[in-house]
Amino acid sequence: MEAVPRMPMLSFELKQSPEYVDFGPVLKQYIRDNYGEDPAQYNKACNDLEQLRQSAVHVSHDFMGCSTLKKYYAQLQFLQGRFPMGEGGEAAIPFTWEDIHLGREITIGDVKFEQACILYNIGALHAILGTMETRQSADGMKVSCTHFQCASWAFEYLRDHFGCSLMSADMSHDLLTFQMNLMLAQAQECILEKSMIDSRKCSITAKVAAQIVEFYRIALRNLETCYSDGLISSRRNKEWKKRMDIKIMFYQCITHYYMGRQAEEQQKAGENLAYYTASREKLNECIKLAKNEGQDIQESLRFTNDVVTAKFTQSKKDNDFVYHEKVPAMDTLAEVKGASLVKGIPFNPNDPEVSGADIFQKLVPMKAHEASSLYRYATVEWSQSVKKMLAC
């Protein structure tokens, strides 16, 4: 295509925590009772942790916001090496978060719940930032694509490592799977836009578009399961389903269009007319379904309609008056296999550039503390044994 039709992207709202968390009393009490240190030495550490949480809960919608969430996530991981903050642990603290879809507050005394909610928001914020990018330049497409892949990884890791279904319905296995696949679909859309701008081989561009269709089909099946299980509202299900149905038809249109162009390059008049006809039919279905959608979608569909209709009209005219080739049925043509060019992009909470300095670095981790105590005990025992041997 001479330009790129850009379809709007979907994102997810952030989880909210309505209550301030005071880490100080519990953590300092545990330091006094189990480490034998003056807890007053850790007043600043507790205050820093509380302020970091406040910044993470009321996070800015920009790159710094992502950095803040990841830093807090990493600090929560460090805490677990020093304090028993799991459910029923001596240093457990209650954390309260709202369930996005059920609209109710959930309180769980487990730092894993806090960490899970923060990881969810890391995914959600990356999705928001990916959607905010205009994708008008190569850099913009790359940034948007990266955000969606980062979001996909966060939802996938959350699904596979936290057992969130027992914590909060908005972090259930099926819902996170839906969000993961939706993010991959949108990342692949960015790849397609770049492919079209760069005028890559038509067969490659068709495969990229076909994979978008496949990602959306998988996400749609995930969504249907979520709705049947009562995890999302009818309104939200209808909104998301319609948007994915539109995109499935739209990218089927794009796939057929580029296969038609490839056939045209190979001077297969009948085949290219078959593909252009299929492209036009899918686009007409898409236009009908998207009748009441926003201006951004309408502009993309109008532009695509102009391009596809022009190709179809010229192809039909050429075949009718020049080539006279038989137009094959679409089901007789080879199926276009998608090519996935995206995957989740992780972050490393142990990377100092992500975590910053360990807030409680002066407090030796409990395992190291216990190991040191055992070593000192063993050293004393050995020393006494040696003295007895020498005395004999």
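Just one of F78, F83, Y35 meets the ring-ring contact (aromatic ring centres under 6.0 Å, His included) condition when paired with F360; it is F83.
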Pairs under 3.5 angstrom only: tabulate donor-acceptor contacts from the side chains of residues 122-132 to other protein residues two or more places apart or in another chain.
from: H126; atom 1: ND1; to: H147; atom 2: ND1; distance (Å): 2.9
from: H126; atom 1: NE2; to: K70; atom 2: NZ; distance (Å): 3.1
from: T131; atom 1: OG1; to: L10; atom 2: O; distance (Å): 3.4
from: T131; atom 1: OG1; to: A127; atom 2: O; distance (Å): 2.9

Can you give each donor-acceptor pair under 3.5 Å made by side-chain atoms of residues 226-234, sequence neighbours left out, with the distance rounded to 0.1 Å?
from: S228; atom 1: OG; to: E224; atom 2: O; distance (Å): 3.2
from: S228; atom 1: OG; to: T225; atom 2: O; distance (Å): 2.9
from: S233; atom 1: OG; to: R236; atom 2: N; distance (Å): 3.1

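For the pair Y216/Q252, no side-chain contact is recorded, criterion being any heavy-atom separation below 4.5 Å from C-beta on. Side-chain contact between Y72 and S55: absent, with no pair of heavy atoms (C-beta onward) separated by less than 4.5 Å.
Dense packing is recorded around OH of Y20, with more than 12 heavy atoms of other residues, nucleotides or ligands lying under 6.0 Å away. Within 6.0 Å of OH on Y323 lie no more than 12 heavy atoms contributed by other residues, nucleotides or ligands. Residue-environment remark: CD (Q136) exceeds the threshold of 12 foreign heavy atoms within 6.0 Å.
Every residue two or more places apart in sequence or in another chain was checked for a salt bridge (charged side-chain N to carboxylate O under 4.0 Å, His left out) with K268, and none qualifies. The side chain to side chain contact (heavy atoms under 4.5 Å, CB included) check on F312 picks up L273, Y276, T277, R280, K316, with sequence neighbours excluded. In this structure P346 satisfies the side chain to side chain contact (heavy atoms under 4.5 Å, CB included) test together with W153, sequence neighbours excluded. Legend: residues meeting salt bridge (charged side-chain N to carboxylate O under 4.0 Å, His left out) with K242, ordered by chain and number and at least two apart, are E293. Listed by chain and number, the residues in a side chain to side chain donor-acceptor pair (under 3.5 Å) with S315 are N272 (sequence neighbours excluded). For the side chain to side chain contact (heavy atoms under 4.5 Å, CB included) test, residues two or more places apart in sequence or in another chain that qualify with Q295 are E299, R302. Scored by the side chain to side chain contact (heavy atoms under 4.5 Å, CB included) test, V26 finds A91, I93 as partners (sequence neighbours excluded).
Looking at Q54, its side chain never comes within 3.5 Å of a backbone N or O of E50 through a donor-acceptor pair. The backbone N or O of E98 sits less than 3.5 Å from a side-chain atom of K15, completing a donor-acceptor pair. Side chain of D99 to backbone of A169: a donor-acceptor contact under 3.5 angstrom is found. S152 places no side-chain N or O within 3.5 Å of a backbone atom of F148 that could act as its donor or acceptor partner. Using modelled atom types, one side-chain atom of D170 and one backbone atom of I100 make a donor-acceptor pair closer than 3.5 Å.
Within the structure, salt bridge (charged side-chain N to carboxylate O under 4.0 Å, His left out) contacts touching residues 102-121 (residues at least two apart or in different chains) are R53-E114. Applying the side chain to side chain donor-acceptor pair (under 3.5 Å) rule to pairs touching residues 204-213 yields S195-T205, sequence neighbours excluded.
In this structure, K362 does not pair ionically with E37, as no charged nitrogen and carboxylate oxygen lie closer than 4.0 Å.
Residue M259 belongs to a hydrophobic cluster whose other members are Y275, M330, L333, V336, with links defined by side-chain heavy atoms closer than 4.5 Å.
Under the 6.0 Å cut-off for aromatic ring centres, F178 and W240 qualify, their centroids lying closer than that.
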